[in-house]
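Residue numbering restarts at 1 for every chain, and letters A, B, ... go by the order of the sequence lines. Because the structure is a prediction, the values reported are computed rather than measured. Hydrogens, waters and symmetry mates are skipped; everything else that's a heavy atom, side chains included, is used.
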Amino acid sequence: MKSGNSYYLTTPIYYTNAAPHLGHAYTTIAADTIRRFKGMQGLNAVLATGTDEHGVNVERAAQAQGKTPQEYCDVIAEEFREQWRTLGLAIDRFERTTSDRHARNVQDLFLRCRDRGYVYKGQYQGQYCIFDNLYVNEAKPGDPCPECGRPTETVTEENYFFRLSKFQDKLLDLYNDRPDFIQPDTRRNEVIAFVKQGLQDLSITRTSIKWGIPVPGEPQHVFYVWFDALTTYLSAVQGENLWPADLHLIGKEIVRFHAVYWPAFLMAADLPLPKKIFAHGWLLFENDKMSKSRGNIVRATPISKVLGADALRYFLLREVVFGQDGSFSYDALVGRYNSDLANGLGNLASRTLTMIHQYCGGAVPESGGASHIAEAATKTTAMALDYFEKLDFSRALEGIWGLIAAVDKFIVERAPWKLARAGGEARQQLEETLYSAAEALRIITALLYPVIPESAEKIWWQLGYTHPISEVRTRDLNWGRLAPGQLLGAVSGVFPRADAKASIERMRALETEEYARQQALLGKSVPVPAPRADSKISIDEFLKIDMRVGVVKEAAAVKGSDKLLHLQVDIGEAKPRSIVAGIAGAYKPEALIGRKVAIVANLQPRKLKGLESQGMIIAASLDDGPPALVSFMEDAPIGARLR
RNA sequence: GCCGGUGUAGCUCAGGUGGUUAGAGCGACGGUCUCAUAAUCCGUAGGUCGCAGGUUCGACUCCUGCCGCCGGCACCA
């Protein structure tokens, strides 16, 4: 049972296939912010994160470095831990899929599901690449392996299956009864649409993988990804009365696993379901998707080293609407930093505290404050708390900055420096002004603690407090709590203005270093799928592939497909080859006619959308980028062989 | 192809159930104060509200079609 005063939230557990980058940091920073906010509400907030360490990719990465999987994972898991430490994130539990208690949990969950009749042994049939030891879930017989391009083989093996098909109605009821279960609504709608079209049973074990948690009593079976990974949410707080989780914070790419599979597993095991799943959007880098193949992944620590972790936290939560995709760029980051943090909050703190030192001997003056500022502060507080509760961070921050602007304006209107010179009756006005500014600053600072904890605490000390800001509760946000007579601490700038050009250069330089360091950690062959030593092929093997120069005679879009073009390619044979190619995203049919291309001529024909494809067009492409057709600088004769 | 979302100032975005001169923040430009981090504050410039029709006395706001972008499914990988 869960204790009423607690709030348990999780991030996904991160796959040890990659080193931590800004995307990981984004989720974890948001989670840390929520955790602190819940703490401010007086709840015992517990944040769990961790690492997903099983599977073939990890096994292979370890092997490439001559390490055991466990040794390899120890290094990467520590890298994640260290990352969160460096960023000052308050991680309460760090669960690894390789922990003993987790293995027992996965096995228990499995047994509970099996005992209730939701698990059965069946035949898995699918495509498998022997070379890469990889299951290609959606591939059809004859399809190439996405990793190495070799043909996949149809394998049949004995697996355990989970009866996901039994849960369609229960899941739909769940989404219907608890509209907040999946947020934002667009994700919810997608999940409902997905479940409505029917669910297939899920293979949850494999026999060909070794690096994983064994099925009880049958060690040749090992649990496959999601059954293992999702269960860490239970393992992380085992025996702590914290389950069910109040919030699973995830990225939108793993919504299905959390919103469909996970509740089904739990229902099957008769365990309570998490309260809410919130999927945030992707962080783009200067409007492009961050991906390994583009080489535009950014890491968090270089940013925090130059502008501070709080600058990054503020930027991510202010600039990006939580739940939608957002864009990171160094320019925008520094822009936000200077305009909002340095000129806005930092400057307000600096001017307010300095004036109290100069005009009031460093003690909070005696006053109730100006009523319209008190009102504005009260309104802003209510609004910001409401937005925080809804995880609408950008709106909350926007509102808080409205209050900062109001106080700045008020200071200029009152001109305390003039009041101080005037003396006499102006004294009371001066004190009211400075009390208002200081009290507003106190409230603003406390409200911002979940988002910028380190800087908020600095301002907090400067306001003269001796207890940590983490002890502030929402009721303390009421106007008038700042005690007159309280002696301020020494003033020092919290967000010094940044030279845009210099700081960007510095961040870029550090980023390069950090990238190199992480690459070394991972072993070179992991991030860039370069050919490995044992993947060399003989010339004979190569010559089996018959590549020919051809010219496109006809090209047309394929009905009912976004990606396919149907081409007629002349390679000097009696009849042009009919070739179906997935290049519609990059090429208009008419632009291809007459173009010289390279094709693989001895590929087994196959049917795509009812059209026979008698070959394959050679194109260069990244995982997620548009393909670029191979072409020739010099005139290449039709039918010529490539070798 | 089906479903959903979206397209408003240079940038990021607000604009319940249609109604006087379409807003904010940042950026730019001009000015001001001097407590403060060349900060603050005041002001100015800048928008055919994706395009084309339609409904209406009147549409950014409703309807239809088209175009662009994003996502889900299918498909592909």
- Query: Quick one: salt bridge (Lys or Arg N to Asp or Glu O under 4.0 Å) partners of Glu190(A), sequence neighbours excluded?
  - Reply: Arg187(A)
- Message: Without decimals, in angstroms, what is the distance between Leu333(A) CG and rU12(B) P?
- Response: 16 Å
- Task: Round to the nearest Å and state the distance from Arg188(A) atom CZ to rG4(B) atom C1'.
- Result: 14 Å
- Using the six-membered ring wherever Trp is involved, compare the ring planes of His372(A) and Phe410(A) and label them parallel, tilted or perpendicular (cut-offs 30° and 60°). perpendicular
- Rounded distance in Å - CZ (Arg351(A)) to C1' (rC35(B)): 6 Å
- Query: Val494(A) near the nucleic acid: base, sugar-phosphate alone, or nothing, with a heavy-atom cut-off under 4.0 Å?
  - Reply: base
- Message: Could you tell me how far rC62(B) sits from rU20(B) if I compare only their P atoms? Round to whole Å.
- Response: 16 Å
- On a whole-Å scale, what distance lies between the C1' atoms belonging to rC2(B) and rC49(B)? 30 Å
- Under a 3.5 Å limit for both distances, which nucleotide forms a Watson-Crick or G-U wobble pair with rU20(B), could you say? none
- Task: May I ask you to decide if the ring planes of His258(A) and Trp226(A) are parallel, tilted or perpendicular, using 30° and 60° as cut-offs?
- Result: perpendicular
- Message: So if I take every side-chain heavy atom of Phe194(A) and compare against rC73(B), rU40(B), rU37(B), which nucleotide ends up nearest?
- Response: rC73(B)
- Query: More 5' along RNA chain B: Val412(A) or Ser492(A), using each one's nearest nucleotide?
  - Reply: Ser492(A)
- Residues at least two apart in sequence or cross-chain that pass salt bridge (Lys or Arg N to Asp or Glu O under 4.0 Å) with Lys276(A), listed by chain then number, are none
- Whole-Å distance, Leu397(A) CG to rC13(B) P, equals 16 Å
- Query: In Watson-Crick or G-U wobble terms, both distances under 3.5 Å, what is the partner of rU34(B)?
  - Reply: none
- Message: Please classify the nucleic acid contact of Gln197(A) as base, sugar-phosphate, or nothing, using heavy-atom distances under 4.0 Å.
- Response: sugar-phosphate
- Task: Give one of base, sugar-phosphate or nothing for Ala342(A), where a contact means two heavy atoms less than 4.0 Å apart.
- Result: base
- Report the nucleotide, chosen from rG71(B), rC41(B), rA36(B), that has the shortest atom-to-atom distance to any side-chain atom of Trp282(A). rG71(B)
Please tabulate, for side-chain N and O atoms in residues 484-496 of chain A, each donor-acceptor pair with protein atoms closer than 3.5 Å (sequence neighbours left out).
from: Gln486(A); atom 1: NE2; to: Leu463(A); atom 2: O; distance (Å): 2.7
from: Ser492(A); atom 1: OG; to: Gln462(A); atom 2: NE2; distance (Å): 3.4

- Query: Base, sugar-phosphate, or nothing: which does Gly335(A) touch, judged by heavy atoms less than 4.0 Å apart?
  - Reply: nothing
- Counterpart residues, salt bridge (Lys or Arg N to Asp or Glu O under 4.0 Å), relative to Arg188(A) (two or more places apart): none
- Item | Selection: residues 310-321 of chain A, any non-hydrogen atom under 4.0 Å of RNA chain B | none
- Query: Between rU40(B), rA36(B), rA14(B), which one does the side chain of Asn343(A) approach most closely?
  - Reply: rU40(B)
- Considering only the P atoms, how many Å lie between rU21(B) and rU8(B), rounded to the nearest integer? 23 Å
- Message: Heavy atoms only, 4.0 Å cut-off, all strands: where does Pro496(A) land among base, sugar-phosphate and nothing?
- Response: base
- OP1, OP2 of rA36(B) versus side-chain N and O of Gln358(A): anything below 4.0 Å? yes
- Determine the interatomic distance between P on rG18(B) and the same-named atom on rU64(B); round to the nearest Å. 16 Å
- Glu190(A) side-chain proximity, nearest of rU37(B), rG71(B), rU34(B): rG71(B)
- Message: Any side-chain N or O of Lys409(A) below 4.0 angstrom from OP1/OP2 of rC42(B)?
- Response: yes
- Query: Given the C1' atoms of rC60(B) and rU17(B), what is the spacing between them in whole Å?
  - Reply: 16 Å
- Asp331(A) CG to rG10(B) C1', straight-line distance once rounded to whole Å: 14 Å
- Task: For rC49(B), give its Watson-Crick or G-U wobble partner with both distances under 3.5 Å, or none.
- Result: none
- Item | Pairwise P distance for rG16(B) and rG50(B), with rounding to whole Å | 15 Å
Mind listing the side-chain donor-acceptor pairs of residues 191-201 of chain A below 3.5 Å, one per line with the distance, residues two or more places apart or on another chain?
from: Asp201(A); atom 1: OD1; to: Leu164(A); atom 2: N; distance (Å): 3.2
from: Asp201(A); atom 1: OD1; to: Ser165(A); atom 2: N; distance (Å): 3.0
from: Asp201(A); atom 1: OD1; to: Ser165(A); atom 2: OG; distance (Å): 2.6
from: Asp201(A); atom 1: OD2; to: Tyr120(A); atom 2: OH; distance (Å): 2.7

- Task: Please determine, for rG71(B), whether a Watson-Crick or G-U wobble partner exists with both distances under 3.5 Å, and give it or none.
- Result: rC3(B)
- Message: Can you confirm if the aromatic rings of Tyr224(A) and Phe162(A) lie within a centre distance of less than 6.0 Å?
- Response: no
- Of Val191(A) and Thr352(A), whose closest RNA chain B nucleotide lies nearer the 5' terminus? Thr352(A)
- Message: rA38(B), OP1 or OP2 - any side-chain N/O from Arg497(A) closer than 4.0 Å?
- Response: no
- Query: Between atom CG in Asn347(A) and atom C1' in rU40(B), what is the gap in whole Å?
  - Reply: 6 Å
- Below 4.0 angstrom, N of the basic side chain to O of the carboxylate: do Glu431(A) and Arg427(A) qualify? yes
- Query: On a whole-Å scale, what distance lies between the C1' atoms belonging to rC13(B) and rA52(B)?
  - Reply: 27 Å
- Rounded to the Å, how far apart are Leu341(A) CG and rU40(B) P? 13 Å
- Message: Output the rounded distance in Å from CZ (Phe410(A)) to P (rU40(B)).
- Response: 19 Å
- Heavy-atom pair of closest approach, residues Glu432(A) and Ala370(A): CG-N, 3.6 Å
- Task: Give Arg336(A) one of three labels, base, sugar-phosphate or nothing, depending on what nucleic acid heavy atoms sit under 4.0 Å from its own.
- Result: nothing
- C1' atom, rA14(B) versus rA77(B): distance in rounded Å? 40 Å
- Message: What contact category does Tyr359(A) fall into here, base, sugar-phosphate, or nothing, at under 4.0 angstrom with non-hydrogen atoms?
- Response: sugar-phosphate
- Report which part of the nucleic acid Thr186(A) touches: base, sugar-phosphate, or nothing (heavy-atom distance under 4.0 Å, all strands). nothing
